[in-house]
Amino acid sequence: MALLEIRDLHVSFHTYAGEVQAVRGVNLTLEKGEALAIVGESGSGKSVTAQAIMRLIPSPPGKIKSGEILFDGKNLLKLTEKEMFQVRGSEIGMIFQDPMTSLNPTMTVGKQIMEGLIWHQRISPSEARQRAVEMLRLVGIPSPETRINNYPHEFSGGMRQRAMIAIALACNPKILIADEPTTALDVTIQAQIIELLKELQKKTDTAVILITHDLGVVAEMAQRVAVMYGGKVVETGTVEEIFYRPRHPYTWGLLASMPRLDLDRKQELKPIPGSPPDLFDPPKGCPFADRCPYTMYICNDEMPEVSEVSQTHRVSCWLEHPEAPSVSHEPIVRISSK
Ligand code: SF4
């Protein structure tokens, strides 16, 4: 049994302009100890999916309309708020894009780590303090015994993100959700944070869901990838399958638009022309049909079924149909060995 299984999840936001169908039937699984990256452009539904797992969709205007999120066999969508409070922090931790807005500016970093430990693990304040020092050391904060008394504004951007990771991992969660954890940081610090997450994942055997639009980060850290577009998962596979043998035209476009060091000078980055679908009135067929170079009549009329390319590789595209024309493309991506 998977550690986490999302079944047919639908999430909408009700606004004055109408209903935004942000997530439209997402199915995903996460195994124990694995790192799954969810990639896609802004508005594809990846962050909303992560927030739904934590039941952090602001309501109103948001609403989880239907579906199941099974964690260790229990449906998180059926838990009471009190039960969900236990899950958040102690069993599933989350780190956000901007640590400055996620950390409490009026509390020392140490107190913020200790708070979760005292609430969830019911340990004494002195034990919690000791554990908070250990956590700060684990995430690479120098002189943790004194730094524990600092406020977030006394930390640099990279250190704040490390502190967020310490808070999220303090109670040994089974899953860590990292939503664009490096976007707000400069490039060298980004690399350090990804290195740290990789190291901690190995050390603690925590399963990680990494939400990102950065394919470089995916290649560095994940074992499996889910590609989202227009509120749906359009392709899933191992990192090797998605980078070397992608099957969905959107994934081809995503890879072609990725800056790479191995790119020949004459080869240009190719942005995907057009814009994402209108989720107020989503297309009834394939969400990528308006931008896809291979669109057929059926693409506009019917959403393609999920086709199984291998045990680990699934794609939702009419090109997989036995009667579809065969098309060729050349994804040339080199990924560094982990
Ligand atoms: Fe393109 Fe059709 Fe495949 Fe959608 S289903 S990605 S429009 S070929």
Side-chain angles (χ1 to χ4, degrees), residues 6-12 20-29 36-49 67 211-215 218 222 224-258 268-333:
I6 302 178
R7 291 186 189 158
D8 199 23
L9 180 71
H10 290 254
V11 183
S12 284
V20 182
Q21 298 175 39
V23 169
R24 304 186 296 135
V26 161
N27 292 294
L28 276 177
T29 56
L36 167 75
I38 306 182
V39 299
E41 57 198 15
S42 302
S44 59
K46 53 192 194 311
S47 286
V48 176
T49 303
I211 315 284
T212 183
H213 61 270
D214 185 337
L215 292 173
V218 175
R224 230 155 41 82
V225 187
V227 181
M228 282 193 73
Y229 187 81
K232 288 180 177 287
V233 174
V234 294
E235 185 163 11
T236 52
T238 62
V239 167
E240 286 73 17
E241 284 165 338
I242 297 296
F243 278 78
Y244 291 122
R245 300 183 294 283
R247 301 285 282 243
H248 196 282
Y250 175 63
T251 315
W252 300 341
L254 211 55
L255 291 168
S257 60
M258 168 188 170
E268 283 175 10
L269 294 181
K270 293 188 198 121
I272 305 171
S275 42
D278 176 6
L279 294 180
F280 281 109
D281 183 21
K284 64 175 177 176
C286 170
F288 194 52
D290 272 359
R291 302 169 82 184
C292 178
Y294 311 103
T295 309
M296 299 166 277
Y297 286 120
I298 193 166
C299 302
N300 286 309
D301 290 339
E302 276 182 54
M303 182 61 204
E305 291 288 312
V306 176
S307 307
E308 205 168 286
V309 182
S310 76
Q311 262 193 347
T312 47
H313 194 178
R314 289 183 174 78
V315 61
S316 190
C317 174
W318 283 115
L319 289 175
E320 296 298 319
H321 193 278
E323 283 168 34
S326 71
V327 299
S328 66
H329 69 103
E330 290 176 26
I332 327 138
V333 175

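Whatever order the structure lists them in is the order used to number ligands and atoms, beginning at 1. Note: hydrogens, waters and symmetry copies are ignored here, and every other heavy atom, side chains too, is used.
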Over 12 non-hydrogen atoms of neighbours within 6.0 angstrom of CD in Glu308: yes

Between His313 and Glu235, a side-chain donor and acceptor under 3.5 Å: yes

Hey, are the side chains of Ile242 and Thr251 touching, using non-hydrogen atoms and a 4.5 Å cut-off? yes

Looking only at the aromatic ring of each residue, does the gap between the centers of Tyr294 and Trp252 stay below 6.0 angstrom? yes

Sequence neighbours excluded, the answer for side-chain hydrogen bond (donor to acceptor under 3.5 Å, both in side chains) partners of Ser12 is Glu19

Counting only protein N/O/S, how many atoms fall short of 2.8 Å from atom 3 (Fe) of ligand 1? 1

Between Glu241 and Thr238, a side-chain donor and acceptor under 3.5 Å: yes

